[in-house]
Amino acid sequence: MDVSLLLDDLNPAQREAVMAPAGHQLILAGAGSGKTRVLVHRIAWMIQVEQRSPYSIMAVTFTNKAAKEMRHRLDELFQQTGQPISIHTIWVGTFHGLAHRLLKAHWQDANLPQNFQILDSDDQLRLIKRVYQALQIDEDKWPPKQAQWFINEQKDEGRRAKHIQETTDPFIRTMRKIYQTYEDDCQRGGMIDFAEILLRAHELWLNKPHLLEHYRNRFNFILVDEFQDTNSVQYAWLRVLAGKSSFVTAVGDDDQSIYGWRGAKIENIRKFSEDFSPCQIIRLEQNYRSTGNILHAANSVIANNLGRLGKELWTDGEKGEPISLYAAYNEQDEARFIVERIQSWISQGKRRSESAILYRSNAQSRALEEALLREAIPYRIYGGQRFYDRLEIKNAVAYLRLLNNPHDDAAFERVINTPTRGIGDKTLEDIRVVARSENISLWAAAGQLILRKHFAARASNAIETFMQMILQLQKDLCAPNEADELPALDFIAETVLDKTGLLAFHQNEKGEKGQARGENLQELIAACRAFETEDDAPILQQFLDTAALDAGDAQAEEFEDAVQLMTLHSAKGLEFPLVFLAGVEEGLFPHKMSIDDPDGIEEERRLCYVGITRAMQKLFITYAETRRLHGTESFNRVSRFVKEIPTDCIDEVRLKTAITRPVTYQQPSSKFTLKDEGEDTGFKLGQKVSHAIFGEGVILQFEGKGPNSVVEVKFAKIGKKRLVMQYAKLQAI
DNA sequence: CCAGGACACGTTTTT
DNA sequence: CGTGTCCTGG
């Protein structure tokens, strides 16, 4: 076997990682260091050089996109090496995808019905609201969203309702009760939410030693991408699976851990080498993406974080242009500046799609969009609603789910009256009550109530018509005569959309909505046509599982060459020659919600690091001195992160063009300085102060200038307070 | 059932 | 300020 294909074009560190001997490895892969490449080559190396069985390898990712990419690149590499190996023998997938696969295979051991259904967060919330009704809990006092958040957080930590300690805290008590009931309802209905998939898979290991034994023997090599994003359950699941005999290769970057707020534990990557000992640590620090200046800036910013595993990106390429910093007067000025720079980029013959505008929060996109629109520059916003999250698609999928299993309560509830067929709240509520008290599905309860002649003729007829329709479709599409071939998936979808009236219903919605929704439904049919079966399970079931686990990209790839707009979070993993970081202001980035928590600030700083390292050639950082957000104007200071960038790789932009500014506006001093003090106040951000009435506190933010400026202080006793500097009479302490 | 108005809410998002 | 949701009156 010619090894050179697997090792050529790799740098020494990459090579070391690819050829690492059997054992645990922690590969700290900096941004743009060729991480996926290493992962893919390592797998190929193990199979083709070390002669490991593809069957003994598991590769885990976080997103479907990453899994798809890895499969694709593996395939490509195997083709090149002339030893095609069916990549289906290797388990490549997301944590959720693989866990789901296990639960499907061992549904009985996992205490699930064979046709268990996955709940998306929408379904989950609806179900929680039903729990509220059943338990007579006040939605205003404890918002259902909060309960949803609570439940998911518990599950991410591997805790079930029964594990939550008894307490007198009314919040915890209520949440525990909701969680418990929700758990019971899910179990009864054979439904599992996203977090449950992982939790069940973990419990499957713990409860069924023979299964664990089997998989431990099988998967001797487990590779995990984006390890810094693992949550507690995922980590536990891996640890149990690996046991004492399997080897884990963890690839990740602690400096790019930006999902702590949704349960990711940065500690997991920090303690990996202790928990999986002995462990070889390999650092991939050579960067192939960005210029020297950009890397220097990124390194300097992230150096301010504590407890890092340590890593410094370098390049043997050019220093490149300095980073440009622009202090905009307000968000419109900021947008205008960015658009001008993009126009000049395009005028150099570059592509619009090579440029990206990154921001901390979605609300910022408006001003940018307006400016782009004004100049008629095509743009594309990432991260809108995903395909399978759209209302019309969810409705269509709910019908398919109902065909697959009429006892699917979430689906039943979604479409029983969509399109409207005269089944109102009262009727539905009666069905719910019976379903709950008799412990049966909504479908079964509806049938019972009709038998018992519970409803008036009108309601009864409406329900019966609906149920007949579903049964008929089921008969025609899912269980045709043996002689007949099973209909194709797209035919099933098309027929269902037609016969249920859903397509007509959505098409007739007024305005452009109807058109768009109609098109989306057509796209769903197209997706069904293109759907490929993976095993011999019923195709409808397979499709539904895929739809539940893969939200589908936000939109079909646009062909148009467009400027890319997205949040910093969704930019992770991407790269662009020209990058703008917009709104780099205290309070927005770092966001004010994170500002008084050291861990929060560190995560924001990592986000900044992610942002900077997206840029290949040229990076602009912009901030607005005045920003209108949620109707109120705020005066923000440049982000602390900007001050962490060494001045020798940054250039402040001075505009030749005059900007209309109020006459009172103070021109910034000609020398570029970044001040830590509030203007004329003699106080600093973060400084401890005391107030005659409110006691001690910490300065969070200055707004405005001069004696009428406002200072925001977080007081130990009463929380945040905004005070006018002139009257506050703050004392430094 | 739908339109229109009151009202709440406002960080980041995947599965 | 702008949006999404909920409620009520027609």
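All chains are named by letter (A, B, ...) in the order of the sequence lines, taking the proteins before the strands, and each is independently numbered beginning at 1. The structure displayed is predicted, hence computed values, not measured ones.
Nearest nucleotide to the A:Ser361 side chain, out of B:dT12, B:dT13, B:dT15: B:dT12. Taking the side chain of A:Asn417 as heavy atoms from C-beta on, and the options C:dT3, B:dT15, B:dC1, the nearest nucleotide is B:dC1. Candidate nucleotides B:dT14, B:dC1, B:dT11 were compared by shortest atom distance to the side chain of A:Thr420, and B:dC1 ranks first. For A:Glu604, taking side-chain heavy atoms from C-beta onward, the closest of the listed nucleotides B:dT11, B:dC1, C:dT3 is B:dT11. If you check B:dT15, B:dT11, C:dC1 against the side chain of A:Arg628, the one that comes closest is C:dC1. Here B:dG10 is the nucleotide among C:dG2, B:dG10, B:dT11 with the atom lying nearest to any side-chain atom of A:His630. Listed nucleotides: B:dG10, B:dT12, B:dT15. Nearest to the side chain of A:Phe194: B:dT15.
Within the 4.0 Å cut-off from OP1 or OP2 of B:dG10, not a single side-chain nitrogen or oxygen of A:Asn362 is found. Of the side-chain N and O atoms in A:Lys129, one or more sit less than 4.0 angstrom from OP1 or OP2 of C:dC6. Phosphate proximity of B:dT15 to A:Asn64: present, with a side-chain N or O under 4.0 Å from OP1 or OP2. Contact between the side-chain N/O atoms of A:Thr567 and the OP1/OP2 oxygens of B:dT11 is not found at any separation under 4.0 Å. Side-chain nitrogen and oxygen atoms of A:Arg262 include none within less than 4.0 Å of the OP1 or OP2 phosphate oxygen of B:dT15. Listed pair A:Arg386 / B:dT14 meets the phosphate criterion, a side-chain N or O lying under 4.0 Å from OP1 or OP2.
The distance from atom CD of A:Gln124 to atom P of B:dT14 is 16 Å, rounded to the nearest whole Å. Note: CD (A:Gln385) to P (B:dT13) measures 13 Å, nearest angstrom. Separating the NZ atom of A:Lys592 from the P atom of B:dT12 is a distance of 12 Å, rounded to the nearest angstrom. Taking atom CG of residue A:Asp599 and atom P of nucleotide B:dT11, one finds them 20 Å apart after rounding to whole Å. Nucleotide B:dT14 holds its C1' atom 18 Å from the CD atom of A:Glu69, rounded to whole Å. With rounding to whole Å, A:Glu586 atom CD is found 15 Å from B:dT11 atom C1'. Between the P atom of B:dC2 and the CG atom of A:Asn508 lies a distance of 12 Å, rounded to the nearest Å.
Remark: the A:Tyr259 side chain and the A:Asn231 side chain contain no N/O donor-acceptor pair separated by less than 3.5 Å. In this model, a donor atom of one side chain and an acceptor atom of the other lie less than 3.5 Å apart for A:Asn152 and A:Gln124.
The side-chain hydrogen bond (donor to acceptor under 3.5 Å, both in side chains) test with A:Arg627 is passed by exactly one of A:Glu331, A:Gln332, A:Glu633, A:Glu585: A:Glu585. Under the ring pair (Phe, Tyr, Trp, His ring centres under 6.0 Å) rule, A:Phe641 has a single partner from A:Tyr609, A:Tyr623, A:Phe589, which is A:Phe589.
Here the separation of B:dT11 from C:dC6, taken at their C1' atoms, is 24 Å to the nearest Å.
Among the atoms of the strands shown, none is found under 4.0 Å from any heavy atom of A:Asp550. In this structure, A:Thr632 reaches neither bases nor backbone, as no heavy-atom distance under 4.0 Å exists between it and the strands shown.
Remark: ring of A:His591 stacked against base of B:dT11; centroid gap under 5.5 Å, plane tilt under 30°. The aromatic ring of A:Trp261 stacks onto the base of B:dT12, its centre lying under 5.5 Å from the centre of the six-membered base ring with the two planes under 30° apart.
Positionally, the nearest nucleotide of DNA chain B for A:Arg421 lies more toward the 5' end than for the other of A:Arg421 and A:His569. Along DNA chain B, the nucleotide closest to A:Ala195 and the one closest to A:Gly422 are compared, and the more 5′ of them pairs with A:Gly422.
The cationic group of A:Arg380 lies under 6.0 Å from the six-membered ring centre of A:Tyr382 and within 45° of the ring axis, placing it in a cation-pi geometry.
The pair A:Lys104-A:Asp545 counts as a salt bridge, with a side-chain nitrogen and a carboxylate oxygen less than 4.0 angstrom apart.
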